[in-house]
Peer 1: 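Right, I'll just put the structure down here and ask away after.
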2 protein chains.
Amino acid sequence: MAPMKNASPVGDIQSAIRAAGARVTPARVRALAALRAASSPQTHAEIEETLAQEAHPAIDRVTLYRVLDWLCSAGLAHKAADARGVFRFSAAQPNVEHAGHVHFRCTGCGGVFCLKSPPPPAPALPRGFRLGGMALDIRGECPRCVRAHS
Amino acid sequence: MAPMKNASPVGDIQSAIRAAGARVTPARVRALAALRAASSPQTHAEIEETLAQEAHPAIDRVTLYRVLDWLCSAGLAHKAADARGVFRFSAAQPNVEHAGHVHFRCTGCGGVFCLKSPPPPAPALPRGFRLGGMALDIRGECPRCVRAHS
DNA sequence: ATTGCGGATGCAATTTTGTTGCATTAGTGC
DNA sequence: GCACTAATGCAACAAAATTGCATCCGCAAT
Ligand SMILES: [Mn+2]
Ligand SMILES: [Mn+2]
Ligand SMILES: [Zn+2]
Ligand SMILES: [Zn+2]
């Protein structure tokens, strides 16, 4: 059993959601609160189970998927596949611009860590090619998973 | 600018399988050959498609899953979830031909093209982190697909 | 070369994880 | 409160991976 984090004030969560230009809904507030309270990246199933124990009405499975993806697109959370290939979500550090640096994905726990390096420049393409998109996947093990592995 | 091809001697593959104490079957030989010829870690679906174009009889989907897992347990291949949460397999004895440059994947035809640019340098990691691997995914359209699209 | 054993395969069914379409609900600005 | 439409709930779908089991075939012994 891992240690629990401090709960984030509900007001902070609501204003974070509003600042992202979206409506403040129970699903978003509760999902983000769950992520901020978690001590490690959580799968969709884990978050669903956590929210199910909360006495509030249940949140639909698909809605939770969409809320989690929205949190990521809003920069409020990170999404990364763990060793089993299952997505894990974690709360992003608030007030940080994540576009200017690359991220490290822990293949053990699915955690996402901000690095200092900037994204690599687009490579030169031969004539006629059209660049669609680029993604740098940096993976390895975080200190905690390195210790747990040895 | 055409998709690459680089084979590993069949004898090497057969003896590698035999040395692992298992039977030499078409599925194992062809799967390992495909992995060794590949320029980057391949998904199950990609390997399946590669083998399907080989004129030999098709290999069952489940058999391929089992063969790939066996190759890993025998130490002949590695398995890791990519950023999308899909498992990718790579030969343990890597194909060094493609280590020195990055690759471009056409979203139209699925072709892979070798570029001249070297892979980006490994970013500096905070203390305690262990780098596992890096993958630069460059997507877009090849000249033929660009023309066909317009 | 034949035979027999059991590892390996093929096929169907199932599970897990994640997505799409669409009608209905509810958060927000007025 | 009212209107607008983002967000939700539900059902269906899809992709990726696994399980069970009958059959097959690689290969060693004969
Ligand atoms: Mn970041
Ligand atoms: Mn999956
Ligand atoms: Zn980790
Ligand atoms: Zn193309």
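Per chain, numbering begins at 1; letters A, B, ... match sequence-line order. All values derive from a computational prediction rather than experimental measurement.
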Peer 1: Whole Å only: how far is the CG atom of A:L51 from the P atom of D:dG9?
Peer 2: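 So the two atoms are 12 Å apart, to the nearest Å.
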Peer 1: Take a 6.0 Å sphere around CD of B:Q14 and say whether it holds more than 12 heavy atoms from other residues, nucleotides or ligands.
Peer 2: yes
Peer 1: Take the protein atom CG of B:D82 and the nucleotide atom P of D:dA15, then report the distance between them rounded to whole Å.
Peer 2: 16 Å
Peer 1: Check whether more than 12 heavy atoms from other residues, nucleotides or ligands sit under 6.0 Å from atom CZ of B:R144, and answer yes or no.
Peer 2: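 12 or below, so no.
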Peer 1: Report all side-chain donor-acceptor pairs from residues 113-126 of chain A shorter than 3.5 Å, counting only partners two or more places apart or in another chain.
Peer 2:
none

Peer 1: Looking at every non-hydrogen atom in both residues, tell me the closest pair between A:A16 and A:R36 and how far apart they are.
Peer 2: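 Distance-wise, the nearest heavy atoms are CB-NH2, 4.2 Å.
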Peer 1: Along nucleotides 24-30 of chain C, 5' to 3', which nucleotides get a B, which get an S, and which get a -, given that the test is a protein heavy-atom distance under 4.0 Å?
Peer 2: ---BS--
Peer 1: I need the B:M134 CE to A:D137 CG distance, nearest 0.5 Å.
Peer 2: 10.0 Å
Peer 1: Is the centre of the A:Y65 ring less than 6.0 Å from the centre of the A:H44 ring?
Peer 2: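 Between A:Y65 and A:H44, the centre distance is under 6.0 Å.
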Peer 1: Using the C1' atoms of the five pairs at each end, what is the angle between the end axes of the helix from C:dA1-D:dT30 to C:dC30-D:dG1, to 10°?
Peer 2: 40°
Peer 1: Specify the residues of residues 56-76 of chain A, ordered by number, for which at least one heavy atom lies under 4.0 angstrom from an atom of DNA chain C.
Peer 2: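 Only A:R61, A:V62, A:Y65, A:R66, A:D69 qualify.
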Peer 1: Return the CD to SG distance between A:Q42 and A:C109, rounded to the nearest 0.5 Å.
Peer 2: 11.0 Å
Peer 1: Scan the side chains in residues 76-84 of chain B for donor-acceptor partners under 3.5 Å anywhere in the protein, sequence neighbours excluded, and list what turns up.
Peer 2:
| residue | atom | partner | partner atom | Å |
| --- | --- | --- | --- | --- |
| B:K79 | NZ | B:D69 | OD1 | 2.9 |
| B:D82 | OD1 | B:R84 | N | 2.8 |
| B:D82 | OD1 | B:G85 | N | 3.0 |
| B:D82 | OD1 | B:V86 | N | 2.9 |
| B:D82 | OD2 | B:R88 | NH1 | 2.7 |

Peer 1: Return the CG to CZ distance between B:L68 and B:F87, rounded to the nearest 0.5 Å.
Peer 2: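 CZ of B:F87 is found 11.5 Å from CG of B:L68.
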Peer 1: Round to the nearest Å and state the distance from B:F87 atom CZ to C:dT17 atom P.
Peer 2: 11 Å
Peer 1: What side-chain donor-acceptor pairs closer than 3.5 Å can you find for residues 25-32 of chain A, not counting sequence neighbours?
Peer 2:
| residue | atom | partner | partner atom | Å |
| --- | --- | --- | --- | --- |
| A:T25 | OG1 | A:R28 | N | 3.4 |
| A:R28 | NH1 | A:R23 | O | 2.9 |
| A:R30 | NE | A:E54 | OE1 | 3.0 |
| A:R30 | NH1 | A:P57 | O | 2.8 |
| A:R30 | NH2 | A:L51 | O | 3.0 |
| A:R30 | NH2 | A:E54 | OE1 | 3.4 |

Peer 1: Mind calculating the distance between CZ (A:R84) and P (D:dT18) to the nearest angstrom?
Peer 2: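 Rounding to the nearest Å, CZ of A:R84 and P of D:dT18 are 11 Å apart.
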Peer 1: According to a hydrophobic-cluster definition based on side-chain heavy atoms being under 4.5 Å apart (Ile, Leu, Val, Met, Phe, Trp, Tyr only), do B:F129 and A:V146 belong together?
Peer 2: no
Peer 1: Using atom CD1 of A:I17 as one end and atom C1' of D:dA7 as the other, report the distance to the nearest whole Å.
Peer 2: 12 Å
